[in-house]
Visitor: 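Below you will find the structure I want to go over with you.
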Amino acid sequence: MNEETGAQGPRRVTAPWLRDARRDGRRICMITAYDAPSARLADAAGVDAILVGDSIGRNALGYPDELPVTMDDMVRATAAVRRGAQRALVITDMPFGSYQAGEDEAVANAIRLVKEGGAHAVKLEGAGRTLSIVERIVGLGVPVVGHVGFTPQSTNAMGGAHVQGKTRETAQAILDAARALEAAGVFSIVLELIPAPLARTITNSITVPTIGIGSGPHCDGQVQIWHDVLGLGGGKVYRHVRRYADVGAIIREAVSSYVLDVQGGQFPTREHSVSMDLDELAMLDQEPDFDKQREDIEGVAR
Ligand code: KIV
């Protein structure tokens, strides 16, 4: 047990430690984070891995989806998360466009996420043309996580965030993709929005751990989005989400109390203010009736 965080396991989670989770009888818990304070809280709560997901686009940058997210966005967010996380493995999504245009560019971008962001591992979506890129990045010593099923960077091709793999052909394609990714060297695979029985079959067909989101209970671990779990993501609660707190409502209530206090003159008060020797102030060039107001000023600021 880690004395600082209370979490089970090593002081710093590594990719090999996660890869061996099933063999060692451990279930993996992963959550997204995009900034240092959230990473610090997630880490203290004992998650094994923090995903700096390209879902930062929807959840933190105000975009409608993941597609506009840039390498600069991911590098900066990763560096912030690394500053917040002491124990968890930090995995960063390679954003749309950072690995689709060519292998050399993909490799350079993966290296940048490690060198400038401090990522411990990177995640890429899909198989097919991505496989040779995965092999090259793994060959350079950078651990890679795969991602199959619904892959948000292909949202336009898939017609939105829908469950994938409900038919024999599509299920076979996802199973084949997972096997090919394992052969290419990934140390774990995210299964997003696929039927639970298919996730079970895939989990039983490969040796690296599967991390599910909206894919049922048979995966080796789960990943959830910070904003969904904490009620920070707006009104809609997706079927695959368990909302553990309504932090959004707490924030709204707190900030509206602040607004009312400022508007009503209840904040700041004497406890929030600093005083000074009013004789010093009296020597300034200032309003003529200063002496008359002296008592009032002393009353508020002392
Ligand atoms: O970007 C992200 O948050 C993800 C998860 C949905 C797995 O890729």
Side-chain angles (χ1 to χ4, degrees), residues 18 28-35 38-39 42 47-71 73-78 80-81 85 88-100 109-110 113 117 119-127 130 134 143-155 158 160-165 174 177-178 181 186-194 199 202 208-216 219-230 232-234 236-242:
L18 277 196
I28 298 166
C29 186
M30 186 190 291
I31 197 161
T32 64
Y34 317 115
D35 57 59
S38 307
V47 300
D48 300 309
I50 296 178
L51 175 65
V52 187
D54 57 357
S55 52
I56 188 175
R58 273 183 299 112
N59 293 310
L61 300 180
Y63 294 132
D65 54 38
E66 285 74 358
L67 300 182
V69 175
T70 65
M71 276 295 297
D73 293 333
M74 298 309 288
V75 167
R76 187 159 298 195
T78 304
V81 167
L89 188 78
V90 175
I91 301 165
T92 298
D93 263 339
M94 295 196 64
F96 181 62
S98 70
Y99 58 99
Q100 287 87 349
N109 282 328
L113 289 172
H120 297 125
V122 297
K123 176 165 83 58
L124 283 72
E125 292 184 3
T130 307
V134 169
V144 175
V145 176
H147 184 157
V148 297
F150 172 64
T151 45
Q153 292 175 14
S154 306
T155 186
M158 291 178 164
H162 304 302
V163 174
Q164 304 291 312
I174 296 171
L181 282 166
V186 299
F187 73 96
S188 179
I189 301 179
V190 168
L191 306 180
E192 180 164 0
L193 290 184
I194 64 171
I202 294 173
V208 294
T210 54
I211 315 273
I213 175 162
S215 299
C219 299
D220 298 294
Q222 293 294 318
V223 55
Q224 286 280 294
I225 292 191
W226 182 259
H227 291 62
D228 291 345
V229 163
L230 296 176
L232 288 165
K236 185 162 170 133
V237 183
Y238 296 98
R239 181 196 179 99
H240 63 271
V241 170
R242 180 174 288 172

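Each ligand, and each atom within it, is numbered from 1 in the order the structure gives. Count residues from 1 along the sequence.
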Visitor: To check your reading of the model: name the closest protein heavy atom to atom 6 (C) of ligand 1, its residue, and the distance in Å.
Guide: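 The closest one turns out to be E192 OE1, 3.6 Å.
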Visitor: Sequence neighbours left out, what passes salt bridge (Lys or Arg N to Asp or Glu O under 4.0 Å) with D220? Give chain and number order.
Guide: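 For D220, the residues satisfying salt bridge (Lys or Arg N to Asp or Glu O under 4.0 Å) (neighbours in sequence not counted) are R22.
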Visitor: Can you tell me the protein heavy atom closest to atom 2 (C) of ligand 1 and the distance?
Guide: S55 OG, 3.2 Å
Visitor: Starting from atom 4 (C) of ligand 1, find the nearest protein heavy-atom neighbour and note its residue, name and distance.
Guide: L51 CD2, 3.6 Å
Visitor: Under a 3.5 Å threshold, yes or no: a donor from one side chain and an acceptor from the other, between D228 and Y238?
Guide: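 No, no side-chain donor-acceptor pair sits under 3.5 Å.
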Visitor: Return the set of residues passing side-chain hydrogen bond (donor to acceptor under 3.5 Å, both in side chains) with Q222 (not counting sequence neighbours), or none when no residue passes.
Guide: none
Visitor: I'd like to know if H147 contacts ligand 1, where contact means a heavy-atom distance under 4.0 Å to any ligand atom.
Guide: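 Within the 4.0 Å threshold, so yes.
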Visitor: Just jot down the ligand 1 atoms closer than 4.0 angstrom to any heavy atom of G53, in number order.
Guide: 1 (O), 2 (C), 3 (O)
Visitor: For ligand 1, which atoms sit closer than 4.0 Å to a heavy atom of T32?
Guide: 3 (O)
Visitor: Can you tell me the protein heavy atom closest to atom 8 (O) of ligand 1 and the distance?
Guide: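 Going by distance alone, atom 8 (O) of ligand 1 is nearest to K123 NZ, 2.9 Å.
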Visitor: Using modelled atom types and a 3.5 Å cut-off, is there a donor and acceptor pairing between side-chain atoms of S188 and backbone atoms of V145?
Guide: no
Visitor: Would T78 and T92 count as having a side-chain donor-acceptor pair, cut-off 3.5 Å?
Guide: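 Yes, T92 and T78 have a side-chain donor paired with an acceptor closer than 3.5 Å.
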Visitor: Side chain of T32, backbone of V52: donor and acceptor closer than 3.5 Å?
Guide: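 Absent.
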